[in-house]
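Structure record follows, encoded as structure tokens.
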Amino acid sequence: MRSKIQDLGDMGFVRMAVVAPGGFGKTRFAGTAPNALFLTVDPEGTLSAKFAGSRAKEIIIHDQEDLINAQLDLFDGIQGNKIVLDGRLYDWLIVDDATAVQ
């Protein structure tokens, strides 16, 4: 047999991009992820997720220095396929808005 059969979700990581026009509900959708951490350049944008009941946390990125510091903190906090920061476990890292971060 040449194909590898594995259990669903065995790859350990999910990488996805959600692309749609503004106001479509991308951030609100992302906020439904359990134990989520947002890296956001638009803190007002994550209010939609909060109003929908999200319990996610966020790191607000104002400039390149904030982005570099967040990256260093995330590298230090990676434990397997989880992130641990300030004693809290995160299963999902959401970059909102990837275009602005670039």
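Along the sequence shown, residues are numbered consecutively beginning with 1. The model shown is predicted, which means the values in this text are computed figures rather than measured ones.
- Residue Gly31 comes nearest to Ala49 through the heavy atom pair CA-CB, 4.0 Å, listed as atom of the first residue, atom of the second, then distance.
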Exercise. Might you work through the side chain to side chain contact (heavy atoms under 4.5 Å, CB included) test for Thr40 and Asp97, ending with a clear yes or no?
Key: CA-CA 6 Å; Thr40 182; Asp97 169 341; over 6 Å; no
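- Nearest heavy-atom pair across Arg88 and Lys57 is NH1-CE, 3.6 Å.
- When atom types are taken as modelled, the side chain of Ser54 and the backbone of Phe51 share no donor-acceptor pair closer than 3.5 angstrom.
- At most 12 non-hydrogen atoms from other residues, nucleotides or ligands lie less than 6.0 angstrom from CG of Asp86.
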Quiz item: Which is it for Ile60 and Asp66 under the side chain to side chain contact (heavy atoms under 4.5 Å, CB included) test, yes or no, and what are the steps along the way?
Solution: CA-CA 8 Å; Ile60 299 172; Asp66 288 345; over 6 Å; no
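- Between the CD1 atom of Ile78 and the OH atom of Tyr90 there is a distance of 14.5 Å, given to the nearest 0.5 Å.
- We find the CG-CD distance between Asp76 and Gln71 to be 10.5 Å, quoted to the nearest 0.5 Å.
- Side-chain N/O atoms of Glu58 and Thr46 include a donor and acceptor closer than 3.5 Å.
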Self-check item: Ile68 and Leu72: CA distance, side-chain angles, deciding distance, side chain to side chain contact (heavy atoms under 4.5 Å, CB included) verdict
Solution: CA-CA 6 Å; Ile68 291 169; Leu72 293 171; 4.1 Å; yes
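- In this structure, the side chains of Ile59 and Leu37 come closer than 4.5 Å at one or more pairs of heavy atoms.
- Phe38 and Leu74 are not part of a single hydrophobic cluster, where members link through side-chain heavy atoms under 4.5 Å apart.
- Two different hydrophobic clusters hold Ile94 and Ile83 under the rule that ILVMFWY side chains link at heavy-atom gaps under 4.5 Å.
- Across all non-hydrogen atoms, the minimal contact from Gly45 to Thr27 is O-CG2, 3.5 Å.
- In this view, Lys82 and Asp91 satisfy the salt bridge (charged side-chain N to carboxylate O under 4.0 Å, His left out) rule, not counting sequence neighbours.
- Linking Ile, Leu, Val, Met, Phe, Trp and Tyr whenever their side-chain heavy atoms come within less than 4.5 Å puts Ile61 and Leu85 in one cluster.
- Remark: side-chain polar atoms of Lys26 are paired, donor with acceptor, to backbone N or O of Ala20 under 3.5 angstrom.
- Between Phe29 and Val18, the closest side-chain pair of non-hydrogen atoms falls below 4.5 Å.
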